[in-house]
Structures are given as C-alpha cells and as structure tokens.
Amino acid sequence: IKSMTIEGQKLADYTNTVEVAAGKVTTHQLAVRTDSGRNTMLLVSGGELEMVDDQLKAGQNSSSAEGDVGAIFRQTGGWVNMGKEVNLNETQGTYATFELLGGVYCGRNIRGWTGSPYRGGTGKTTFRADGGTLKPTLSYNSGNNLTLIELMPEVRLGAKGLTVDTDGHN
C-alpha cells in the first residue's frame, strides 16, 4: 500500500499496536487507548502519518493501574504531521507516554490533559526523547506564542537528545 486515507474512523482504538512503517496514512481522528491492562501503542517507524483536523488523544478512557502500562505514541523514524495538539491522559487514572526516538514530528504542542497530575489528575504523563526532530507548527497562533511541551510532570532526554526545528520562529 502506497497510500491510505481513513475517513470518519479512528486509526487506533483499543488495539494492541498499530504501526506505520512505510507509505502514507492520512486520518481525521486518532485515539490510542488501553483496555484490560494491556499496552496500546501507535508506532511510526517509517513512512508518513498525517493527522487532519483533530488531535491525537492518548490515554483516553484507559483503565490501567499498572506503572508503565497504558497508551504509548512512539516515533522511531518517518514523518508525522499532526494537525493539532497531542493530549495525553484525557481521563483520570490513565497512563500515557509520548516518545520521540527518531524521525520528524510536526505539530502543535504536546501536553498533559485532564488526567495529568499538573491538571489535578491521578494519571502518569511522560515525554521521552532520544533522537528525532520536533518541528512545531505555529500557523494556528497569530502571536507565535507556543509552549511545545506543557503540563508534563515527567520529561526525559536520552543521550541522543532532541532537535527542535523552529523554522525561523525563534
């Protein structure tokens, strides 16, 4: 498959793992949830994932009570173009992790949400980077004021670090 467009459906919802490894996937709604104590992962290892008109919601309606079991977005390669922001932990008691380990991620901000401790929630919210490029899109904000990573109680940088490409919006 060279290209796939998913209209009006969720790409990942209560599945163990969805991987984009080659080609191009375009979707309008994206939720990564966990069920029955299993990790649920959206993995981008190559190709291109384009999210149009909506947010990535990770950790929504999760019921896991296990340390690192929960919803995981992991990018190890390829290109991700997120139309809006990433909300981690949309529900109380959820666990959500955003990992940028390679490739280029373009999008608005990555933030903890309702279930995040910084919003009074009881979940675990983590951002990890060990390689890769974060390229913020500022077009939606006329003042160009953007917090790239916010309401995130745990941020970890590995040996390869994180490259932030502001495309001249310093």
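For L151, the side chain to side chain contact (heavy atoms under 4.5 Å, CB included) criterion is met by Y118, R119, not counting sequence neighbours. Among residues two or more places apart in sequence or in another chain, the side chain to side chain donor-acceptor pair (under 3.5 Å) test is passed with E99 by R74, R128. Residues satisfying the salt bridge (Lys or Arg N to Asp or Glu O under 4.0 Å) criterion with E154, sequence neighbours excluded, are R156.
W113 and V86 are members of different hydrophobic clusters when ILVMFWY side chains are connected at heavy-atom separations under 4.5 Å. The hydrophobic clustering, which links ILVMFWY residues whose side-chain heavy atoms are closer than 4.5 Å, places V25 and L42 together. Criterion: ILVMFWY side-chain heavy atoms under 4.5 Å apart, direct or through other members. Under it, L101 and V164 are not part of a common hydrophobic cluster.
The CG atom of D130 sits 12.0 Å away from the OG1 atom of T76 when rounded to the nearest 0.5 Å. Taking CG of L134 as the reference point, atom CD1 of I110 lies at 5.0 Å (rounded to 0.5 Å). Separation of atoms CG (N81) and CG (L49) is listed at 9.0 Å; rounding is to 0.5 Å. Atom SG of C106 is separated from atom CE of M82 by 10.5 Å, given to the nearest 0.5 angstrom. The distance from atom OG of S116 to atom NZ of K124, rounded to the nearest 0.5 Å, is 12.5 Å. Atom OG1 of T126 sits about 8.5 Å away from atom CG of L88, to the nearest 0.5 Å.
With hydrogens and angles ignored, the 3.5 Å screen pairs no side-chain donor or acceptor of D165 with any backbone N or O of K135. Panel note: side chain E150, backbone N109; no donor-acceptor pair is recorded below 3.5 Å.
Between F98 and F73, the ring-plane angle classifies as parallel under the 30° and 60° cut-offs.
No option in V80, L162, V44 other than V80 meets the side-chain contact (heavy atoms from CB on, under 4.5 Å) test with Y105.
Two residues are said to be in side-chain contact when any heavy atoms from C-beta on lie closer than 4.5 Å; E19 and S45 meet this criterion.
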